[in-house]
Amino acid sequence: MTTQLRNEQILIIGFPAWDGDYMKSTVLLAKELAKENEVLYVEYPFTWKDMWMGRLGKSKAPWKRMMGKEERLRRLELENDAHISVLTLPPMLPVNFLDSESLYDALMLQNAKKAFKYIKGALDGLGMEQPVVINAFNPFLGVFLARQFEEKALFYYCYDEISAAKWAGKHGPRLEQHLMREADAVIVSSQHLLDTKKPFANQIYMVKNGVDFDLFSQTNSNFPTSDKKVVGYLGSLDDRLDYDLLETCIANHPHYLFRFVGRINSPDVSRLQGYGNVEILGPQPPSSLPGWVQSFDVCIIPFAKNEFTAGIYPLKINEYFAAGKPVVTTHFSDLSDFHHLAEIAKHTEGFSYLLEKAIVQDDPMKARKRKAFARRNSWSHRATEMGMAVGLVVNGIEEEKETGKWSWMPNNYNRWGDVSHSFFQPSPKNNSDAGKKATSPSLPSIESLKNRVFVQNMELLVPEKG
């Protein structure tokens, strides 16, 4: 079997917006997959609130595309004459604040029906039939859109722990579990996510985050210099950061300049702004990020250790390595891949000490090793791994169809008949019709699934029963 996925029609229902001022794994993987396949990317489902914020100039939300004043479907050129289609949906009802499950489900169903209309129209316009569907961390629409596009196979791509995300805590875990049961396979980005998601998955694969190596390995001297050594952080300043640790390090190292590049999403950032050796630069254009990293003498990942960060495979660490920079990080998750290249601190005092060590003991040979590691973890390599997972699942489904063993819903089965109730009814305890096509909209029980688990090297695991 080829290791490269080619000539497939792929629909990606994403959660991230396509444009923006930071790197997004879903967007980067979509670009790589589009080099050999026809890809339609459905970007973040903006709400009416987003539309008005954009129209009033208080955000960068593309309100004109949302309202149809500009073409919602864009055909974007990529490198090497490749292209990708990107769809902006019309404004959705904002429902995430609702506590009531029944009200949330009923209103989200209306959002899904609207989304279906525009996605189906885009698919028809592009001549895409029976696509491979990849839902990228959007179980909110994904549960209601599952099996609606006559898809060849359905995947759920999970790159964060949704149960620990404040913005998704009310409904995200419930919807995610249903979507994982419905999907043919789940793809995760870290070992922690593999461990927590596999009880709900039919098949599960791990494809870790990567790096745009060619971009971040560039050298650029046209960025601010300093007479002090620069400790740099690239990424969102949000609730993931350990602000107590940062304040301690900043106060203990007045001889270093601490430079932060990224979106400001937490009020705790104000705790850092009063220090004279701190620069908070806010979001910068993606094309400029490698230059900012080049301006750092040591790069940091000062994440707090909690339930949310436990599921993170840090995208930024390979970006730092691609630039050849030394890295100091907290021990917030499984970082075993990096123990030989990064300085990993288990407490605040250790972090402060390792900053000094990383700068003093750095040398060109260590920089070359970091770059070589990052090169092996490019997004091109990660897309190949994802392509292998997709290919294995699609080929398996085709084989099961030929032998009459495939038992998902028949094509065009409309699950919208009973509002949203059919999505959340418990599954029958016994499945006497195994081997036949399903005729009920109820989701399969966990016990009825094969629970085949694959990881990055495609090794077959047999999970424990219990």
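What's counted below: heavy atoms across the whole structure, side chains too, no hydrogens, waters or symmetry copies.
- No more than 12 heavy atoms of other residues, nucleotides or ligands lie within 6.0 Å of CZ in R375, so this atom counts as exposed by the packing criterion.
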For I162 and F140, what are the C-alpha separation, side-chain angles and deciding distance, and is it a side chain to side chain contact (heavy atoms under 4.5 Å, CB included)?
CA-CA 11 Å; I162 202 167; F140 316 99; 3.9 Å; yes
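- Minimum heavy-atom separation, V293 to A323: CG1-CB, 3.6 Å.
- Here L335 contributes atom CG and I312 contributes atom CD1; the two are 10.0 Å apart, rounded to the nearest 0.5 Å.
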Please report the C-alpha distance between S378 and H381 in whole Å, then the side-chain angles of each, then the deciding distance to 0.1 Å, and finally whether the side-chain hydrogen bond (donor to acceptor under 3.5 Å, both in side chains) criterion is met.
CA-CA 5 Å; S378 69; H381 284 85; 2.7 Å; yes
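- Using a distance-only test at 3.5 Å, with no hydrogens or angles considered, a donor-acceptor pair links the side chain of Q284 to the main chain of L281.
- More than 12 non-hydrogen atoms from other residues, nucleotides or ligands lie less than 6.0 angstrom from NZ of K305.
- Two rings, from F155 and Y157, have their centers 6.0 Å or more apart.
- The only member of D337, N377, N318 that meets side-chain hydrogen bond (donor to acceptor under 3.5 Å, both in side chains) when paired with K208 is D337.
- One distance of note links CD of E38 with OG of S85; it measures 5.5 Å at 0.5 Å rounding.
- For the atom pair CG (L246) and CD1 (I300), the distance works out to 5.5 Å, reported to the nearest 0.5 Å.
- Side chains of K197 and E161 form a contact here, defined as non-hydrogen atoms less than 4.5 Å apart.
- Applying the side-chain contact (heavy atoms from CB on, under 4.5 Å) criterion to P267, with sequence neighbours excluded, gives no partner residue.
- Looking only at atom types and distance, the side chain of R181 has no donor-acceptor partner in the side chain of H178 under 3.5 Å away.
- For F321 and F213, the gap between ring centers reaches or exceeds 6.0 Å.
- Going from atom CG of L107 over to atom CG of N96 covers 12.0 Å, rounded to the nearest 0.5 Å.
- Shown here is E398, whose CD atom has more than 12 heavy atoms of other residues, nucleotides or ligands within 6.0 Å.
- A perpendicular orientation is assigned to the rings of F137 and F15, their planes being inclined by more than 60° (bins at 30° and 60°).
- Within a 6.0 Å radius of CD in E77, more than 12 heavy atoms belonging to other residues, nucleotides or ligands are found.
- Not one N or O on the side chain of N265 forms a donor-acceptor pair closer than 3.5 Å with the backbone of L237.
- Using a 4.5 Å heavy-atom cutoff, the side chains of F303 and T329 are not in contact.
- Between the side chain of T330 and the backbone N or O of A304, no donor-acceptor pair lies under 3.5 Å.
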Determine, step by step, whether R174 and D105 satisfy the salt bridge (Lys or Arg N to Asp or Glu O under 4.0 Å) criterion, reporting the C-alpha distance in whole Å, the side-chain angles of both residues, the deciding distance to 0.1 Å, and the verdict.
CA-CA 11 Å; R174 172 177 64 95; D105 295 340; 3.0 Å; yes
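- For K64, the NZ atom sits in a loose shell: 12 or fewer heavy atoms of surrounding residues, nucleotides or ligands are nearer than 6.0 Å.
- Counting only heavy atoms from C-beta outward, the side chains of V327 and F338 never approach each other to under 4.5 Å.
- Y320 contributes a side-chain N or O that, together with a main-chain N or O of L234, makes up a donor-acceptor pair within less than 3.5 Å.
- The shortest non-hydrogen separation linking E32 to S380 is OE1-CA, 3.5 Å.
- Panel note: side chain Q294, backbone P290; no donor-acceptor pair is recorded below 3.5 Å.
- When side chains are defined from C-beta on, E176 counts as touching Y156, because their heavy atoms get closer than 4.5 Å.
- No donor-acceptor distance shorter than 3.5 angstrom exists from the side chain of D195 to the backbone of H192, with no hydrogens or angles considered.
- The two residues V269 and I280 have their closest heavy-atom pair at CG1-CD1, 3.6 Å.
- The closest donor-acceptor contact from the side chain of E150 to the backbone of E129 lies at 3.5 Å or more, if one exists at all.
- Salt bridge annotation for K31-D212: absent, with no cationic side-chain nitrogen under 4.0 angstrom from a carboxylate oxygen.
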Step-by-step side chain to side chain contact (heavy atoms under 4.5 Å, CB included) determination, L289 to E319:
CA-CA 9 Å; L289 298 182; E319 295 172 347; over 6 Å; no
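- A distance-only check finds no donor-acceptor pair linking the side chain of K316 to the backbone of G235 [under 3.5 Å].
- For the residue pair N306 and T309, a side-chain donor N or O sits within less than 3.5 Å of a side-chain acceptor on the partner.
- Looking at heavy atoms from C-beta onward, V390 lies out of side-chain contact with K152 at the 4.5 angstrom threshold.
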Stepwise side chain to side chain contact (heavy atoms under 4.5 Å, CB included) check, Y159 with S190
CA-CA 7 Å; Y159 50 80; S190 73; over 6 Å; no
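- Of the possible polar contacts, one joining the N209 side chain to the Y313 backbone as a donor-acceptor pair under 3.5 Å is found.
- L141 contributes atom CG, which lies 14.0 Å from atom NZ of K113 (distance to the nearest 0.5 angstrom).
- Side-chain contact annotation: Y205 with E385, donor-acceptor N/O pair under 3.5 Å absent.
- The shortest heavy-atom contact between A122 and L40 is CB-CD2, 3.9 Å.
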From CA spacing to verdict: salt bridge (Lys or Arg N to Asp or Glu O under 4.0 Å), R65, E43:
CA-CA 12 Å; R65 284 205 304 274; E43 67 171 338; 3.6 Å; yes
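- Between the NZ atom of K120 and the CG atom of L11 there is a distance of 11.5 Å, given to the nearest 0.5 Å.
- In this structure, G172 and P139 approach most closely via the heavy-atom pair O-CG, 4.4 Å.
- For the residue pair D214 / Q218, no side-chain donor-acceptor distance below 3.5 Å is found, with atom types taken as modelled.
- Looking at D184, its side chain does come within 3.5 Å of a backbone N or O of L154 through a donor-acceptor pair.
- The pair E307-K166 does not meet the salt-bridge criterion, since no charged nitrogen lies less than 4.0 angstrom from a carboxylate oxygen.
- The two residues P173 and S163 make their nearest non-hydrogen contact at CG-CA, 3.6 Å.
- Annotation: side chain of L5 is in contact with side chain of I10 (closest heavy-atom distance under 4.5 Å).
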Please evaluate residues N395 and E399 with respect to the criterion side-chain hydrogen bond (donor to acceptor under 3.5 Å, both in side chains), reporting the C-alpha separation (whole Å), side-chain torsions for both, the decisive distance (0.1 Å), and the verdict.
CA-CA 6 Å; N395 290 342; E399 290 175 4; over 6 Å; no
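- More than 12 heavy atoms of other residues, nucleotides or ligands lie within 6.0 Å of CG in D124, so this atom counts as buried by the packing criterion.
- Side-chain atoms of W18 and L76, non-hydrogen and from C-beta on, do get closer than 4.5 Å to each other.
- Here the side chains of W63 and K69 are in contact, with some heavy-atom distance below 4.5 Å.
- When the shell of 6.0 Å around CD of E71 is examined, it contains 12 or fewer heavy atoms from other residues, nucleotides or ligands.
- Taking the six-membered ring for Trp, F116 and F149 have ring centres closer than 6.0 Å.
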